[in-house]
Each structure stands twice: as structure tokens, then as C-alpha cells.
Trainee: 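The structure that follows is given in the form of C-alpha cells.
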Amino acid sequence: MLEDSVQDNLIKLAVVNDKCSETVTIAPQLGSDIIAHSSLPLPKVTIPQFNGDCLKWRQFYEIFLEMVDKQYLPSVQKMWYLKTNLSGEAGKLISHLSLKEDNYKTAWMLLQERYNNKRVLVSTLVERILSQPNGTSSTASIKVLHDTTKECMLALNNLQIDTTSWDALLCNVQIQFKTTY
């Protein structure tokens with residue numbers, strides 16, 4: 001019930017914010033005070049569960065930061081959202097902290113110290129590229145190889161790692177395809 005109320009308020013704030021930015025960007029182009037407005041209902045945004053998988057940290061971090069941390073909410077409510085969206089190793093990391101006003105900053109800092117580690121993220125992504133299993137020459141196997149490599153390379157780029165000269169590295173990854181006829 002409380003979560004639905006907060007969700008509705010966040011959506012209303014986003015709509016108001018969009019209207020304000022549309023006024024600034026669209027009105028000068030049209031030469032009038034017309035405000036573009038979309039009447040499409042927005043789907044309910046949910047914060048993904050984070051279980052301690054470092055490859056899923058950035059997604060959780062960015063959504064939680066925008067949807068909860070940057071909002072004008074009491075810290076105890078932010079702490080409740082944080083605790084209810086963590087599981088596994090990440091949940092255990094802050095499980096000893098109770099739902100108190102002072103504990104939110106501590107919990108958020110603990111999570112960032114543990115999971116917002118660029119060196120660990122880069123290492124994990126490179127290891128994921130290099131340790132892909134041997135595949136077959138089937139279309140599905142080639143797609144998995146391509147998609148995994150592309151996903152990791154884009155994630156590395158998002159971490160400001162220049163991968164433009166990585167062709168030599170990627171060419172030397174030994175991937176043996178078994179011919180299946």
C-alpha cells in the first residue's frame with residue numbers, strides 16, 4: 001500500500017518534470033505556449049532485486065539512485081526500500097542494520113564500497129569474455145558467443161574502458177567450434 005502510494009507520487013513527479021522540460025524545449029520551436037503531453041499510461045516501475053551479483057550492480061544502483069535515493073523521502077523509508085530490494089549476499093551485508101533514520105546512509109555506503117568497485121567489475125567482465133564455453137557451429141551457439149561478447153564489451157565501454165583496440169585480444173580467444181552435420 002505504501003509502496004504503491006510512493007510509486008504513484010514518483011510517476012506524478014516524473015510527469016510534472018517532463019511537462020516542464022517539454023515547455024522549455026518544444027515551445028521555442030513552435031513559437032507558442034503549446035505543451036506536448038502524452039496520455040499513454042506508464043507501466044509501474046519496479047526496482048530489481050539485487051543479490052550481490054556484481055554484474056547486476058550497475059542496473060540496481062542506477063535505478064535505486066533515481067527512484068529512491070534522490071527522492072525527498074525520509075531516510076527510514078529509503079532504508080525500507082533498500083532492505084526489501086536486497087537478497088542473498090547483498091541482503092546479508094546490511095541485515096544487521098535496523099530500520100532507523102541513521103542507518104540508511106551507512107547501508108548505502110556499505111553496498112557501494114562492496115559492489116561499486118570498477119576494478120572488480122572490469123575483471124569480471126573480461127573473465128566472462130575469456131571463459132566462454134566451447135560451442136558448436138550451430139546458429140544458437142554462435143549467437144550466444146556474439147551476444148555475450150557484445151554485452152561485455154558494451155558494459156566495459158559504459159565503465160569508460162576503451163575497447164577500440166581490443167581486436168587482437170578478442171581474435172586470440174580460443175573458441176573451438178565442433179562441426180555438427
Trainee: Show, in sequence, the C-alpha distance, side-chain angles and deciding distance for Trp57 and Glu62, and conclude whether the side-chain contact (heavy atoms from CB on, under 4.5 Å) test is met.
Mentor: CA-CA 8 Å; Trp57 166 251; Glu62 290 167 0; over 6 Å; no
Trainee: Indicate yes or no: at least one non-hydrogen side-chain atom of Leu86 is less than 4.5 angstrom from one of Lys92.
Mentor: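 The answer is no; the side chains never approach within 4.5 Å.
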Trainee: Could you grab the distance from atom CD1 of Ile47 to atom OG1 of Thr84, nearest 0.5 Å is fine?
Mentor: 7.5 Å
Trainee: Side chains of Glu89 and Tyr115: any donor to acceptor distance under 3.5 Å?
Mentor: yes
Trainee: Calculate, to the nearest 0.5 Å, the distance between atoms NZ and OH belonging to Lys78 and Tyr72 respectively.
Mentor: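 Those atoms lie 9.0 Å apart.
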Trainee: Answer with yes or no whether the hydrophobic clustering places Leu65 together with Val68; edges join I, L, V, M, F, W, Y residues whose side-chain heavy atoms lie under 4.5 Å apart.
Mentor: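 Yes: a chain of side-chain contacts under 4.5 Å links Leu65 to Val68.
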Trainee: Could I get the full list of salt bridge (Lys or Arg N to Asp or Glu O under 4.0 Å) partners for Glu101, not counting sequence neighbours?
Mentor: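 So Glu101 forms no salt bridge (Lys or Arg N to Asp or Glu O under 4.0 Å) with any residue.
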Trainee: Rounded to the nearest 0.5 Å, what separation is found between the CD atom of Gln77 and the CG atom of Leu73?
Mentor: 5.0 Å
Trainee: Run the side chain to side chain donor-acceptor pair (under 3.5 Å) test against Asp69 and tell me which residues pass, sequence neighbours left out.
Mentor: Tyr104
Trainee: Are the side chain of Asn85 and the backbone N or O of Tyr81 linked by a donor-acceptor pair below 3.5 Å?
Mentor: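 Yes, the answer is positive, given that a donor and an acceptor are paired below the 3.5 Å cut-off.
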Trainee: Hey, what do you get for CD (Glu113) to CE (Met109), rounding to the nearest 0.5 Å?
Mentor: 4.5 Å
Trainee: How far apart are the closest heavy atoms of Ala90 and Gly52, and which atoms are they?
Mentor: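 What the structure gives for the nearest pair is CB-N, 3.8 Å.
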Trainee: Set out, in order, the CA-CA distance, both residues' side-chain angles and the distance that settles side-chain contact (heavy atoms from CB on, under 4.5 Å) for Leu130 and Val126, then state yes or no.
Mentor: CA-CA 6 Å; Leu130 298 177; Val126 170; 3.8 Å; yes
Trainee: Counting only heavy atoms from other residues, nucleotides and ligands, does the tally under 6.0 Å from CD of Gln49 exceed 12?
Mentor: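 Enclosed.
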Trainee: Go through Arg58 and Asn158 one step at a time and tell me if the side-chain contact (heavy atoms from CB on, under 4.5 Å) criterion holds.
Mentor: CA-CA 10 Å; Arg58 296 298 297 179; Asn158 284 336; over 6 Å; no
Trainee: Roughly how far, to the nearest 0.5 Å, is the NZ atom of Lys118 from the CD1 atom of Ile161?
Mentor: 4.5 Å
Trainee: Does a donor on one side chain sit under 3.5 Å from an acceptor on the other, for Thr163 and Asn157?
Mentor: yes
Trainee: Flag yes if Leu159 and Val120 sit in one hydrophobic cluster, no otherwise; membership is Ile, Leu, Val, Met, Phe, Trp, Tyr, and two members link when side-chain heavy atoms are under 4.5 Å apart.
Mentor: no
Trainee: Taking side chain as C-beta onward, heavy atoms only, is Leu111 less than 4.5 Å from Leu82?
Mentor: yes
Trainee: If you compare all heavy atoms of Cys54 against all heavy atoms of Thr124, which two are closest, and at what distance to 0.1 Å?
Mentor: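 Residues Cys54 and Thr124, closest heavy atoms: SG-OG1, 3.5 Å.
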Trainee: Counting only heavy atoms not in Lys56, do more than 12 fall under 6.0 Å of its NZ?
Mentor: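 Count not over threshold, so no.
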Trainee: Are Pro48 and Ile63 close enough that some pair of their side-chain heavy atoms sits under 4.5 Å apart?
Mentor: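 The answer is yes, as the side chains (C-beta and beyond) meet within the 4.5 Å cut-off.
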Trainee: Quick check for you: to the nearest 0.5 Å, what is the distance between Ile94 atom CD1 and Leu110 atom CG?
Mentor: 8.0 Å
Trainee: Going only through I, L, V, M, F, W and Y residues with side-chain contacts under 4.5 Å, is there a path from Leu55 to Ile129?
Mentor: yes
Trainee: Is there a donor-acceptor contact under 3.5 Å from the side chain of Asn51 to the main chain of Gly88?
Mentor: no
Trainee: In the single-linkage hydrophobic clustering (I, L, V, M, F, W, Y; side-chain heavy atoms under 4.5 Å), do Val144 and Ile142 co-cluster?
Mentor: no
Trainee: Heavy-atom distance under 4.5 Å between the side chains of Met67 and Val45, does that happen here?
Mentor: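 Side chain of Met67 against side chain of Val45, heavy atoms only: contact under 4.5 Å found.
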Trainee: State which residues pass salt bridge (Lys or Arg N to Asp or Glu O under 4.0 Å) with Glu127; sequence neighbours excluded, sorted by chain then number.
Mentor: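 Residues passing salt bridge (Lys or Arg N to Asp or Glu O under 4.0 Å) with Glu127: none at all.
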Trainee: Determine whether Asp102 and Ser75 satisfy the following criterion, side-chain contact (heavy atoms from CB on, under 4.5 Å), listing intermediate values before the conclusion.
Mentor: CA-CA 7 Å; Asp102 300 340; Ser75 290; over 6 Å; no
Trainee: Parallel under 30°, tilted from 30 to 60°, perpendicular over 60°: which one fits the rings of Tyr61 and Trp108?
Mentor: parallel
Trainee: Is Phe60 reachable from Leu154 through a run of hydrophobic residues whose side-chain heavy atoms are each under 4.5 Å from the next?
Mentor: no
